[in-house]
Amino acid sequence: MSADHMIPKDFIAASATPLILSILNEGDSYGYAIIRRVREVSQGELQWEDGMLYPILHRLEKRGLVQSYPGQAENGRKRKYYRLREQGRQELSVLRGLWTRLGDMLNRFDDPQKGAQSV
Amino acid sequence: MFDLNDEIDRWCKAVVLENCAGRDKLEELKDHLHCLVEEHQAEGLDERAAFARALKQMGDFEHVSAAYAGNTNLLQKMAAFDRRLTRRIGRRFSDKQIAAMLLGVSMLFAASIIAANYFWPQQDNLTFYIIALWFIPFAVLSSVPGVRDMEMRFLRRMGVLKR
């Protein structure tokens, strides 16, 4: 994707849950580290509002997909960690399947750029 | 005098506690802001500039606050509304005036309990008492200028009134 086309907000919103679950699937994590991983994986293309992460995490916890537990940072500051639950792992598989199916559906159509070049 | 811990505490409380979202959510938000500030300080910014950039990264305050509010239950929403209302009233009225209003509200509530027991002696009035406890002050305070607008906005957001 070219840098001129920033990922629209609705795409960012839709991809938030599968991304968070995928990151937690790699291992337990906390908010700031999750945001850094998103930035790393997207190579800066996904620009989240950091504060919006936590309401999503809280909703995922309410749904039983993730579980939080108290911990401590290296400097002794209180830190809340999140781990992926089995239900979350299953949800992640479902979501990955859905995104793959969507991608496959789009791939069945001709590339609009190819059509433009041939004309 | 800029105090980083105070500023972080104030911002996070404004997001979490103003929405009565629960104290447990306060510490993780504070930790996140501290991490962002440390990241920017490591890049060479001073404390104040690092905090300003960190706040920008956290996102628009209204968006974040609304997102937290969206996760609260009905009771928390009502508590958050009462909190904002009380602060607004506190700015307009003296302690004596607020005490007089509360006394009036209590008398109205007592009168409604007596009336309920008189007119519907066989009915379970617990639900009525709970509704009366919240709506009677609501009705009384709507006579305060500016408060009525807040109440109408709240009722529209809850879907009780049409937009």
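Lettering follows sequence order; numbering is per chain, from 1.
Within 6.0 Å of atom CZ in Arg89(A), more than 12 heavy atoms from other residues, nucleotides or ligands are found, so the atom counts as buried in its surroundings. For Arg83(A), the CZ atom is densely surrounded, since the number of other residues' heavy atoms within 6.0 Å is greater than 12. Within 6.0 Å of the CZ atom in Phe61(B), the count of heavy atoms belonging to other residues, nucleotides or ligands exceeds 12.
In this structure, chain A has heavy atoms under 4.5 Å from both the backbone and the side chain of Leu36(B).
Looking only at side-chain heavy atoms (C-beta outward), Tyr82(A) and Glu28(B) come within less than 4.5 Å of each other. In this structure the side chain of Leu21(A) reaches within 4.5 angstrom of the side chain of Glu91(A), judged on heavy atoms. Inter-residue side-chain proximity for Glu40(A) and Arg36(A) is flagged as unmet; no heavy-atom pair is nearer than 4.5 Å.
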Practice problem: Start with the C-alpha distance between Leu29(B) and Trp11(B), add both sets of side-chain angles, then the distance that settles side chain to side chain contact (heavy atoms under 4.5 Å, CB included), and finish with yes or no. | Solution: CA-CA 9 Å; Leu29(B) 201 60; Trp11(B) 193 89; 4.0 Å; yes
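Remark: Arg53(B) does not engage Glu38(B) in a salt bridge, criterion side-chain N to carboxylate O under 4.0 Å. Taking the charged nitrogens against the carboxylate oxygens, Asp9(B) and Lys30(B) do have a contact shorter than 4.0 Å, which makes a salt bridge.
Listed options Ser65(B), Cys35(B), Gly59(B), Ala67(B) were ranked by heavy-atom pairs under 4.5 angstrom with chain A; first place goes to Cys35(B).
Chain B is approached within less than 4.5 Å, heavy atom to heavy atom, by Tyr30(A), Gly31(A), Tyr32(A) from residues 22-33 of chain A, ordered by number. Taking 4.5 Å as the heavy-atom cut-off, the residues of residues 52-79 of chain A that approach chain B are Met52(A), Tyr54(A), Pro55(A), His58(A), Arg59(A), Lys62(A), Asn75(A), Arg77(A), Lys78(A), Arg79(A), ordered by number.
Of the possible donor and acceptor atoms, one in the side chain of Glu49(A) sits under 3.5 Å from a partner among the backbone N and O of Asp60(B).
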